[in-house]
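Accompanying notes for the structure given below.
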Protein chains: 2
Amino acid sequence: MAGKIDLRRLPPLKALRGFEAATRHQSIRDAAEELCLTHPAVSHQVQLIEEALGVPLFVQQGRHIVSTEEGRVLYPYVRSAFESLLEGVEAAQRNALDKPLRVQTYITASIRWLAKRVPQFLAEHPEVKLTLSTSGTDWEFDDKHADVGLVYCETPPDPAKFHWVPLFDYALFPVCSPSFQQEHGGAVDARGLMDLPLVAIYTEQQNWEGWFRSAGVAYDPHVPYILVDTCAVAIEMAVAGQGVALINGPFVDKELADGRLVTPVEHREVCPGGWGLVCRKDLKDNVRVRTFIDWVAGHAAAMG
Amino acid sequence: MAGKIDLRRLPPLKALRGFEAATRHQSIRDAAEELCLTHPAVSHQVQLIEEALGVPLFVQQGRHIVSTEEGRVLYPYVRSAFESLLEGVEAAQRNALDKPLRVQTYITASIRWLAKRVPQFLAEHPEVKLTLSTSGTDWEFDDKHADVGLVYCETPPDPAKFHWVPLFDYALFPVCSPSFQQEHGGAVDARGLMDLPLVAIYTEQQNWEGWFRSAGVAYDPHVPYILVDTCAVAIEMAVAGQGVALINGPFVDKELADGRLVTPVEHREVCPGGWGLVCRKDLKDNVRVRTFIDWVAGHAAAMG
DNA sequence: CTGACCGGTAAATTTTTCTTATCTGTAGAT
DNA sequence: ATCTACAGATAAGAAAAATTTACCGGTCAG
């Protein structure tokens with residue numbers, strides 16, 4: 001980190017691009033076109049540098065311009081400065097890319113949605129490494145230990161600090177195995193469901209209550225619950241024919257499609273908020289973060 | 001002059017100075033001070049680059065900032081880009097300096113004022129070479145063949161095309177040698193002067209007429225003239241005691257000071273315009289031109 | 001000689017940059 | 001603990017810069 005420097009005598013940096021292009025084309029208009037500017041803009045940029053250096057860089061010859069000797073002397077230095085900058089940008093971005101992206105998820109979202117798709121992501125983006133940290137207990141996105149979170153939020157997080165990309169809405173619906181359904185007398189209504197063994201999650205026992213209420217059924221606090229600790233386990237219980245689980249999101253799409261699970265009652269309780277990706281606002285343009293978010297959001301939109 | 005390039009992905013060049021200084025100081029405020037800016041300006045510049053690269057370059061640690069790994073990776077590239085630019089500027093300026101500066105003068109101004117001072121200028125500015133082109137006939141500054149002119153103008157040249165630095169005003173006064181004065185009866189008035197042999201310049205015979213008029217003396221067109229072709233010769237004639245010459249500017253200061261010339265009549269005819277330096281407007285900031293103009297103007301002010 | 005082409009210039013507008021004022025969080029002192 | 005001084009971030013407005021639009025003048029090819 002070398003010391004002292006005399007940055008004062010640097011030429012107007014922005015205008016250097018005009019000089020570079022004008023020198024390369026030996027034409028103001030062509031340079032302007034390349035830079036998506038009008039020709040007076042480039043003309044002005046060149047004049048700025050000529051003034052700053054106190055040296056003419058072009059002379060008009062007929063209706064064209066031609067670099068002066070000084071212009072030709074200066075050009076390679078400018079060129080190599082630009083190349084150095086481009087190299088630097090690439091090096092910094094490569095460096096950033098080399099670090100694994102830390103992704104925080106809830107255990108259910110991880111097991112039943114993200115984990116399945118991660119291999120494809122890694123195959124499509126071999127330059128990005130991932131670290132998944134799944135937790136069944138932490139509901140809050142922890143920006144100290146993760147770059148991106150796939151989380152559920154009732155209300156979108158503070159937009160002043162966080163970038164939020166919604167993925168799926170949050171609607172609760174009951175599922176059970178087809179054999180379980182037959183054993184308990186085929187089709188039932190919401191009221192009938194209350195007599196069956198219901199699988200609930202420790203931390204979200206109130207979900208059933210809300211669902212019954214939204215289905216227009218008076219809630220009986222003495223409903224026979226089977227308590228498990230995560231939604232992923234509740235799903236396994238339902239598949240195994242142990243009871244009716246209350247699910248949200250796209251986490252049982254596959255089981256519903258291939259018939260391992262059915263919805264004994266069609267009613268869905270639409271809840272506020274939804275699942276989405278979250279990251280610190282200042283990271284939203286980070287190459288790794290952007291790559292990951294765009295990819296996941298694309299797949300969520302495509303496959304629900 | 002290598003071809004193609006992808007300038008699009010260059011970072012915002014102007015903001016790079018902020019990044020450079022902030023990295024070097026590891027402090028936004030110190031960087032701002034060095035760049036003569038306020039700290040929000042530098043803060044913003046850094047953010048601009050971080051956004052452009054999609055990579056954080058600093059993290060806040062306590063109440064200070066510290067470069068991230070990416071910032072440390074990027075820095076040397078930026079640094080070397082700046083150094084390349086500074087080298088380029090120097091190389092171009094050195095190149096420009098190597099060419100001789102073409103100075104156009106009238107013969108009198110050259111012989112009696114400029115030529116004497118040129119050696120000192122060359123000694124003080126060994127990097128600047130001069131080509132003097134003196135002419136007794138060309139009155140118009142010829143910007144095709146000269147970079148700077150030391151010329152007389154009745155009215156300042158068009159400021160849209162030329163840069164003009166006035167040096168001395170133009171006031172006509174008569175001079176002769178002391179012996180000549182004594183031979184012709186000592187002190188005289190303007191009227192008496194008309195009877196003496198007057199030295200006039202071919203191309204400016206009307207000068208005497210104007211001088212007499214401004215002195216309040218009726219002009220007699222039959223005054224005995226000795227005609228010479230340049231003012232420099234007229235001066236020599238006067239020194240040699242051949243007659244009275246009509247002089248302007250500082251061109252006989254030395255002879256008046258050491259007594260080789262005297263002013264037989266004190267009246268001076270102040271004429272419009274004056275002597276000055278002229279150059280094309282677009283050259284006024286050229287290093288060689290500026291050096292020369294500043295030096296000459298300084299000496300003209302100091303020594304009249 | 002005419003018309004298309006090229007670059008320069010001026011004025012106005014848009015964009016960028018910078019400053020002023022305020023806020024948040026940290027570290028050191030009381 | 002609480003207060004103060006300090007370092008940065010942020011927002012809004014002001015200042016400065018870059019850019020565009022419209023136009024001019026010179027040059028060259030037909």
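Lettering follows sequence order; numbering is per chain, from 1.
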Protein-nucleotide distance ([X], atom [atom1]; [N], atom [atom2]), rounded to Å:
| X | N | atom1 | atom2 | result |
| --- | --- | --- | --- | --- |
| B:Asp30 | D:dA7 | CG | P | 8 Å |
| A:Arg29 | C:dC5 | CZ | C1' | 7 Å |
| A:Leu48 | D:dA17 | CG | P | 9 Å |
| B:Ile65 | D:dC6 | CD1 | P | 18 Å |
| B:Leu37 | D:dA15 | CG | C1' | 13 Å |
| A:Glu51 | C:dG8 | CD | C1' | 14 Å |
| A:Leu57 | C:dG8 | CG | P | 12 Å |
| B:Gln47 | D:dG8 | CD | P | 13 Å |

Any side-chain heavy atom of B:Gln26 within less than 4.5 Å of one from B:Phe58?
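Of all side-chain heavy-atom pairs linking B:Phe58 with B:Gln26, at least one is under 4.5 Å.
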
[X] vs [N]: side-chain N/O to OP1/OP2 distance below 4.0 Å:
| X | N | answer |
| --- | --- | --- |
| A:Gln61 | C:dC6 | no |
| A:Ser43 | C:dG8 | yes |
| A:Ser27 | C:dG7 | yes |
| A:Gln45 | D:dT19 | yes |

Remember a base hit wins even if backbone is also touched, and classify B:Leu35 as base, sugar-phosphate or nothing at under 4.0 Å, heavy atoms.
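If one applies the 4.0 Å heavy-atom cut-off, B:Leu35 turns out to touch nothing in the nucleic acid.
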
What distance do A:Leu101 atom CG and A:Phe121 atom CZ have between them, rounded to the nearest 0.5 Å?
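Between atom CG of A:Leu101 and atom CZ of A:Phe121 there are 7.0 Å.
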
Here's a test of your reading of the structure: between A:Arg63 and A:Pro12, which maps to the more 5' nucleotide of DNA chain D?
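Nearer the 5' end of the strand: A:Pro12.
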
A:Lys14 or A:His39, whichever maps to the more 5' nucleotide of DNA chain C
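So the residue in question is A:His39.
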
Would you kindly compare B:Pro40 and B:His44 by the position of their nearest DNA chain C nucleotide and give the one closer to the 5′ end?
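This one resolves to B:His44.
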
Any salt bridge linking B:Glu127 with B:Arg94? Criterion: basic side-chain nitrogen under 4.0 Å from a carboxylate oxygen.
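Salt bridge: no.
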
Check A:Arg29 with A:Glu34, please: is the shortest side-chain N to carboxylate O separation under 4.0 Å?
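No, this pair does not count.
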
Got a sec: does the CD of B:Gln206 have more than 12 other heavy atoms crowding it under 6.0 Å?
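Enclosed.
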
Could you work out which one of C:dC6, D:dA5, D:dT20 sits closest to the side chain of A:Thr38?
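That would be D:dT20.
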
